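FYI, side chains are in, hydrogens and waters are out, and symmetry mates aren't considered; it's all heavy atoms of this structure. It should be emphasised that the depicted structure is a prediction, and the values quoted were computed from it without experimental measurement.
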2 protein chains.
Amino acid sequence: MQRPSQSTSPGSRKGKPVSRQVLADHVYEELLESLMDGRLEPGATVSIDGTARDLDVSPTPVREALARLEHTGMVRRVALKGYRVAPVFTREDFAELMEARLAIEPVNARLACARLTPERLAQLEQAVTDLKTAPRGPSFAEFRDYLEADERFHRLIAEQTGNQFMVAAYAALGGQVQRFRLFGGVGITDAENAIAEHQAVLDAMATGDPETAAAAMADHVSKVRGRAIADAPEA
Amino acid sequence: MQRPSQSTSPGSRKGKPVSRQVLADHVYEELLESLMDGRLEPGATVSIDGTARDLDVSPTPVREALARLEHTGMVRRVALKGYRVAPVFTREDFAELMEARLAIEPVNARLACARLTPERLAQLEQAVTDLKTAPRGPSFAEFRDYLEADERFHRLIAEQTGNQFMVAAYAALGGQVQRFRLFGGVGITDAENAIAEHQAVLDAMATGDPETAAAAMADHVSKVRGRAIADAPEA
DNA sequence: CATGTTCAGATCCTATAGGGCAGCCTCCGG
DNA sequence: CCGGAGGCTGCCCTATAGGATCTGAACATG
């Protein structure tokens, strides 16, 4: 067994026991990254045994990781048939996703605004800065950082609400957004507009006016929806 | 192995292949019911091996079922330590939960109102009727049906939005509500008021006015919050 | 009495084995 | 040429075994 067998070195006595991981956690993260990066295309089957061979583990941790992933909507499971990557978004799916974001994200912005600390504000500013400086080339590897910064901005706002349930509700949506941008045919042609809208949200939150922040977020999500529909006229 | 070995009888040729289940599904439902019913109290450890012995299965399906349950927030996992039932709600947790419901459920009511069919309306009416007729005795077994009808009413509205993401967002909250009512010290002292508010939501939806329905739902959730805080003054 | 140590049981975690089912390919008879 | 039977392979699902780790209690020691 190639178990890491952590802390066999007798020297580091006070080695941080921070959230020790097990194989299933690594498999989960590996699969999640593959899904986010697009290495696993929509509709592709995710074989338990095959994944286990690829990652050089037994099927048991893979099964556990996939059971968790199923709840995120990234993969779907059919009993006795196996797992497969969730199919591509239709335009209706995208409309539903944006409808849900419109219901949740402005509320997040309002709540986050009320309990904003300088430290958290700095994190948001960093995200917007990363958004501006990230390369936006045509290949995926080139705008990977852009998407990551985008998602981070929204996730930070959700976390800053301090409301665990709003975080959970957003998490049920957040992963889907990035996946859609990979496979929905919508690239980042809207980068300039999106950056300006993110900046507007950030400014409103820095000002400290919750209603303005909520309005800015609603405006952003609404415009993202409009641009995506315009960019991807096909099904 | 006591595998069901479905359709070994040669007679039934076209036996319906209705969503074949596996052991992990049964274990999942069994654990979920135990959690909802309160047989598993908050903070109690859920041993993988022990549960496997109780249900007379091997630990593998139990592990898969618990991995799914973890994502619902009903149980928490610590690596190399095991699973335990999520702790009791604090008053802050409850306030957060109601805040999240206030953000989501009125939107659900508005969306559901727009695409209401007679059949779906009948389902909602049935839920309200069940709410009125369900016994409301002091013991859990007596108001189990009441809680079930309550949860069903809200879930139906979420499903009637036709928006899979709103359903997912609500599902992240729905289970928590029932659990809180079991352990939060709040019984169903508010039954009469709650029934009237549900009826108001139903009437508004039947009328077909989305904004009135949303307002009625917001009013209901808001008042539930107020009553719960009044009923449970302790931590 | 307080404190550190040891040990045993329970538990988690992973690997491996085997049963059963579905799809695919080949082969053969019409 | 074509359709079906049969074998083969891959996969899912569950059980079982064994190593690693944690917990709690008994016990020794200052």
Any side-chain N or O of A:Ser58 under 4.0 Å from OP1/OP2 of C:dT14? no
Side-chain (A:Arg179) to main-chain (A:Ala86) donor-acceptor, under 3.5 angstrom: yes
Distance (rounded to the nearest 0.5 Å) between A:Leu40 CG and A:Met74 CE: 9.5 Å
Any salt bridge linking A:Arg155 with A:Glu159? Criterion: basic side-chain nitrogen under 4.0 Å from a carboxylate oxygen. yes
How far apart are the closest heavy atoms of A:Val85 and A:Pro42, and which atoms are they? CG1-CA, 3.8 Å
Quick one: does any side-chain atom of A:Arg68 pair with a main-chain N or O of A:Ala24 as donor and acceptor, under 3.5 Å? no
When rounded to whole Å, the CD to P distance for the pair A:Glu64 and D:dC13 reads 15 Å
Show the nearest heavy-atom pair for residues B:Leu66 and B:Val46, with the distance to one decimal. CD2-CG1, 4.1 Å
Do A:Thr90 and A:Asp93 have side-chain N/O donor and acceptor atoms under 3.5 Å apart? yes
Write down the distance between CG (B:Leu55) and C1' (D:dA15), rounded to a whole number of angstrom. 15 Å
Sub-4.0 Å heavy-atom contacts from residues 65-76 of chain A onto DNA chain C, ordered by number: none
Write out a two-atom table: protein N or O, nucleotide N or O from nucleotides 8-12 of chain C, distance below 3.5 Å.
residue	atom	partner	partner atom	Å
C:dT11	OP2	B:Arg53	NH2	3.4
C:dC12	OP1	B:Ile48	N	3.0
C:dC12	OP2	B:Ile48	N	3.1
C:dC12	OP2	B:Asp49	N	3.3

In short, B:Gln176 meets B:Thr72 closest at the heavy-atom pair NE2-O, 2.9 Å
